[in-house]
Amino acid sequence: METKNREKLLLIATGACLVLLLLNWLVISPLLAGWHRRADHIAELRKSLADGAMLLRRKDSIRERWDRMSTNALASAPTVAERQLFEAFDGWVRESRVTEGSFKPQLKQTDDNYAVMECHAEVTGAYGAIIRFLYDLEKDPMGLQLQGVELTSRDDTGQQISLGLELSGLLLPASNP
């Protein structure tokens, strides 16, 4: 009779293990997975809330920067923007007394919200004139970004220097928010 009790006990223990395994698969694991998903979602929402609060604290400086960018951006019409860029370039050349080599603007349409006028330009002159040209370019309020600069000596003594520039200017649509 003891063997029958052992068999019953083993069957009961095996059944209990199967019930616990099924309980784990069907109830506990999905509940834990849902709990982790909710915890991750809560963490994501808290981060989003903190980012929003930071943006609200910086709202004045962000608006000021946007106003400066939109004020100093090139005109929304590509031909007018090209003319603005050429006139500014011509002014920098006259002020610094360098010799203009080439000036090649090209429009890069990025999306509906803005476009970029990229320009490759070359000038030559003495070291001081090149420095003055770069100074005039940088102090100009026009919204330009200097992408690249290449300096090359045109003679053995380094008296004549060639300056290659890559500039980009922002074009915003006429109806700014």
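Note that the structure is predicted; figures quoted are calculated from it, not measured. Computation of the quantities below employed the complete heavy-atom set of this structure, encompassing side-chain atoms and omitting hydrogens, waters and symmetry-equivalent molecules.
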Open item on the list: Using modelled atom types and a 3.5 Å cut-off, is there a donor and acceptor pairing between side-chain atoms of Asn24 and backbone atoms of Ile28?
Closed with: no
TODO: Check whether any side-chain heavy atom of Asn72 lies under 4.5 Å from a side-chain heavy atom of Met142, and answer yes or no.
DONE: no
Open item on the list: Hydrophobic clustering (ILVMFWY, side-chain heavy atoms < 4.5 Å, transitive) - are Leu31 and Trp35 grouped together?
Closed with: yes
Open item on the list: In the structure I gave you, are the side-chain heavy atoms of Glu82 and Met117 within less than 4.5 Å of one another anywhere?
Closed with: yes
Open item on the list: Same cluster or not: Leu146 versus Ile131, using hydrophobic residues (I, L, V, M, F, W, Y) connected whenever any side-chain heavy atoms lie under 4.5 Å apart?
Closed with: yes
Open item on the list: Please determine whether side-chain contact (heavy atoms from CB on, under 4.5 Å) holds for the pair Thr152 and Ile161, giving the CA-CA distance in whole Å, both sets of side-chain angles, and the decisive distance to 0.1 Å.
Closed with: CA-CA 6 Å; Thr152 309; Ile161 297 174; over 6 Å; no
Task: side-chain contact (heavy atoms from CB on, under 4.5 Å) evaluation trace for Leu165 with Leu137 - done: CA-CA 11 Å; Leu165 296 172; Leu137 184 149; 3.8 Å; yes
TODO: Please check if Leu26 and Leu23 belong to a single hydrophobic cluster, counting links between Ile, Leu, Val, Met, Phe, Trp and Tyr side chain heavy atoms closer than 4.5 Å.
DONE: yes
Hey, can you pull the donor-acceptor pairs under 3.5 Å for the side chains in residues 84-94, sequence neighbours left out?
unit_1	atom_1	unit_2	atom_2	d
Gln84	OE1	Ala75	N	2.8
Trp92	NE1	Asp140	OD2	3.1

Open item on the list: One thing to verify: whether Lys47 and Asp51 come together as a salt bridge, which I'm taking to mean a side-chain N less than 4.0 angstrom from a carboxylate O.
Closed with: yes
Task: Beyond-backbone contact of Leu170 with Leu74, side-chain heavy atoms, under 4.5 angstrom - done: no
Open item on the list: Just so I know, are the side chains of Val98 and Leu163 near enough to count as touching, which here means a heavy-atom distance under 4.5 Å?
Closed with: no
Open item on the list: Treating Thr71 as the side-chain partner and Arg68 as the backbone partner, does any N or O pair qualify as donor plus acceptor under 3.5 Å?
Closed with: no
TODO: Might you point out which heavy atoms bring Gln159 and Asp155 nearest each other, and give the distance in Å?
DONE: N-OD1, 3.0 Å
Task: Heavy-atom pair with the smallest gap, counting every atom of Ser96 and Ala129 - done: O-CB, 3.3 Å
Open item on the list: Would Ser168 and Gln147 count as a side chain to side chain donor-acceptor pair (under 3.5 Å) here? Give the steps.
Closed with: CA-CA 7 Å; Ser168 65; Gln147 299 288 342; 2.8 Å; yes
Open item on the list: Which heavy atom of Phe103 sits nearest to which heavy atom of Ala121, and what is that distance?
Closed with: CD1-CB, 4.1 Å
Open item on the list: Is there a continuous path of hydrophobic side-chain contacts, each under 4.5 Å between heavy atoms, that joins Leu107 to Leu144?
Closed with: yes
Open item on the list: If I compare all heavy atoms of Pro78 with all of Leu171, which pair ends up nearest, and what's the gap?
Closed with: CA-CD2, 4.1 Å
Task: Positive for side chain to side chain contact (heavy atoms under 4.5 Å, CB included) with Ile130, one of Val149, Val123, Thr124 - done: Val123
